[in-house]
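Here the structure comes first, spelled out in structure tokens, and everything after it is commentary.
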Amino acid sequence: MDYTQLGRTGLKVSRLCLGTMNFGPVTSEEDSFAIMDRAHELGINFFDTANVYGWKKGEGITENILGRWFAKGGGRREKTVIATKLYGDMGDWPNEGRLSALNIRRAAEASLRRMQTDYIDLYQAHHVDRNTPFEEFWEAMDILKQQGKILYVGSSNFAGWHIAKAQETARRRGGLGLVSEQSHYNLIVRAAELEVIPACEDYGLGLIPWSPLAGGLLGGILRKIDKGRSAAENIVKELERHRDKIERYEAFCDELGEDPANVGLAWLLHQRAVTAPIIGPRTTEQLDGTVKALEITLDDKALARLDEIFPGFKTSPEEYAW
């Protein structure tokens, strides 16, 4: 396994991040335990979750699964850099969601209880809260840091200017600020290249791409459908929208002799500011296949070919001005 620093911090994390969103709703607890154990065997030390995962309001199903796995001992918690997120509503009463100081305090305490741990390595805002000033956000996060309940703070789904505003507010307070941004980024969805990635580079944030395979579109979907495997209705619609590009992409992957899913992950690992794409295997077999992406080196010619199939963006303002 390859490791890198998380942004400008001294924290070392694996180049692949294990996403746990399937744990509970899709993957059984027993299989979830097996996947996490296998991840450690492969050297993956970076796990991502969120308090809303499990999708039953207020239950924190996925965090509870992680907690029961940590409780099995064997160094499971000590070997894991655990990242969780808050923002989504965990109840129907006011202040049970978003980023007020009140909810940050309550949400952190609840995540700690569910995961049966006394600290969170990376605590992330799942979305920007336009109703909460960053001064309030940082005051609440700083208190959690002082209490030893969180170590680092990250963002998710922030625009470039949100990152800048958060960082400048933290700087005025003498704090470290954000160390990572979890953003929607893959070969098909490349808008992060306009301003989010430049902001991450300038402020020293590690980029953690979510949906690295565009919901399965970059995972060899054509050959799966040809073999009669079903796909969700929304994915089928997206496939028809991008079919020409996907056909060219899968043909190019065949030329490389590589699985499309692994090429998509390898491309992300070659991009600026990227720390670790979030992978979401449903089985240990899928996890074993995914780590092969770390062995793929894409030369300049291959990267140019992928840019030709899936054109990206120049950094703003050059994308739309001089």
Side-chain angles (χ1 to χ4, degrees), residues 1-2 4 14-17 19 160 181-201 206-227 229 231-232 234-281 286-322:
M1 179 57 58
D2 296 328
T4 189
S14 49
R15 291 304 311 277
L16 293 175
C17 178
E181 158 62 18
Q182 193 175 128
S183 194
H184 193 191
Y185 187 41
N186 54 57
L187 272 165
I188 294 175
V189 180
R190 297 181 60 170
E193 295 168 352
L194 286 164
E195 297 191 9
V196 171
I197 290 178
C200 288
E201 289 181 304
L207 186 68
I208 308 169
W210 61 265
S211 192
L213 301 180
L217 289 178
L218 298 170
I221 190 169
L222 292 178
R223 57 199 72 187
K224 292 175 183 177
I225 287 179
D226 288 345
K227 291 180 180 178
R229 298 184 196 175
N234 63 315
I235 295 299
V236 172
K237 288 181 180 178
E238 285 297 300
L239 172 59
E240 293 312 307
R241 180 182 168 198
H242 299 286
R243 177 174 283 274
D244 177 63
K245 293 179 180 179
I246 298 298
E247 288 176 348
R248 292 163 61 196
Y249 173 66
E250 292 196 13
F252 179 55
C253 292
D254 288 339
E255 289 179 32
L256 294 175
E258 302 288 355
D259 183 85
N262 290 336
V263 173
L265 290 171
W267 178 82
L268 280 170
L269 292 167
H270 283 71
Q271 301 309 302
R272 299 148 40 209
V274 169
T275 295
I278 298 174
I279 57 173
Q286 287 182 350
L287 177 59
D288 286 340
T290 297
V291 296
K292 295 177 182 177
L294 297 166
E295 303 171 5
I296 299 175
T297 299
L298 300 172
D299 59 22
D300 290 343
K301 185 177 180 181
L303 291 170
R305 182 80 173 274
L306 290 169
D307 282 338
E308 179 184 333
I309 297 171
F310 301 106
F313 297 93
K314 298 177 184 176
T315 298
S316 298
E318 286 81 4
E319 175 65 29
Y320 48 76
W322 54 271

Open item on the list: salt bridge (Lys or Arg N to Asp or Glu O under 4.0 Å), that's the test. Do R241 and E238 meet it? Break it down for me.
Closed with: CA-CA 5 Å; R241 180 182 168 198; E238 285 297 300; 3.4 Å; yes
Task: Worked check of side-chain contact (heavy atoms from CB on, under 4.5 Å) between Q182 and I278 - done: CA-CA 9 Å; Q182 193 175 128; I278 298 174; 3.4 Å; yes
With side chains defined as the heavy atoms from C-beta onward, is the minimum distance between [X] and [Y] less than 4.5 Å?
X    : Y    : answer
L213 : N186 : no
P277 : L269 : yes
L265 : P212 : yes
V196 : E181 : yes

TODO: Using ring pair (Phe, Tyr, Trp, His ring centres under 6.0 Å) as the criterion, list what pairs up with H242, not counting sequence neighbours.
DONE: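 H242 satisfies ring pair (Phe, Tyr, Trp, His ring centres under 6.0 Å) with no other residue.
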Heavy-atom closest pair, residues [X] and [Y]:
X    : Y    : value
A293 : A266 : O-CB, 3.8 Å
V291 : M1   : CG1-CE, 4.4 Å
C253 : P260 : SG-CA, 3.6 Å
L303 : Q271 : CD2-NE2, 4.3 Å
P198 : A192 : CD-O, 4.0 Å
G215 : I235 : O-CD1, 3.3 Å

Task: Any residue meeting salt bridge (charged side-chain N to carboxylate O under 4.0 Å, His left out) with E240, in chain and number order, not counting sequence neighbours - done: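 Checked E240 against salt bridge (charged side-chain N to carboxylate O under 4.0 Å, His left out); matches are R243.
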Restricting to side chain to side chain donor-acceptor pair (under 3.5 Å), what partner residues turn up for [X], sequence neighbours left out?
X    : answer
E255 : R305
D254 : R223
S14  : N45
R248 : none

[X]: what forms a side-chain contact (heavy atoms from CB on, under 4.5 Å) with it, not counting sequence neighbours?
X    : value
D259 : A261, N262
A273 : I197, C200, E201, L207
T275 : T4, L6, V13

- [ ] Evaluate the criterion side-chain contact (heavy atoms from CB on, under 4.5 Å) for residue pair L298 and L256; output intermediate values, then yes/no.
- [x] CA-CA 9 Å; L298 300 172; L256 294 175; 4.2 Å; yes
From [X] [atom1] over to [Y] [atom2], what is the distance, rounded to the nearest 0.5 angstrom?
X    : Y    : atom1 : atom2 : answer
K245 : L217 : NZ    : CG    : 11.5 Å
L239 : E247 : CG    : CD    : 8.5 Å
I279 : L16  : CD1   : CG    : 5.0 Å

Using atom types as modelled, flag every donor-acceptor pair under 3.5 Å from a side chain in residues 311-322 to any protein atom, sequence neighbours excluded.
{"unit_1": "S316", "atom_1": "OG", "unit_2": "L194", "atom_2": "O", "d": "3.4"}
{"unit_1": "E319", "atom_1": "OE1", "unit_2": "K314", "atom_2": "N", "d": "2.7"}

Task: Over 12 non-hydrogen atoms of neighbours within 6.0 angstrom of CG in N234 - done: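 Buried by this count: over 12 neighbours within 6.0 Å.
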- [ ] Decide side-chain contact (heavy atoms from CB on, under 4.5 Å) for L268 and L187; before the verdict, give the C-alpha distance in whole Å, the side-chain angles of both, and the deciding distance to 0.1 Å.
- [x] CA-CA 8 Å; L268 280 170; L187 272 165; over 6 Å; no
Open item on the list: Working note: D288 + T290, criterion side-chain contact (heavy atoms from CB on, under 4.5 Å); need CA distance, chi angles, decisive distance, verdict.
Closed with: CA-CA 6 Å; D288 286 340; T290 297; over 6 Å; no
Open item on the list: Test: ring pair (Phe, Tyr, Trp, His ring centres under 6.0 Å). Region: residues 249-280. Which pairs qualify, not counting sequence neighbours?
Closed with: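 Residue pairs with at least one partner in residues 249-280: Y185-W267, Y249-F310.
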- [ ] Just grab all the salt bridge (charged side-chain N to carboxylate O under 4.0 Å, His left out) pairs involving residues 183-195, residues at least two apart or on different chains.
- [x]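 Counting only pairs at least two positions apart or across chains, the salt bridge (charged side-chain N to carboxylate O under 4.0 Å, His left out) contacts touching residues 183-195 are R190-E193, R190-D307.
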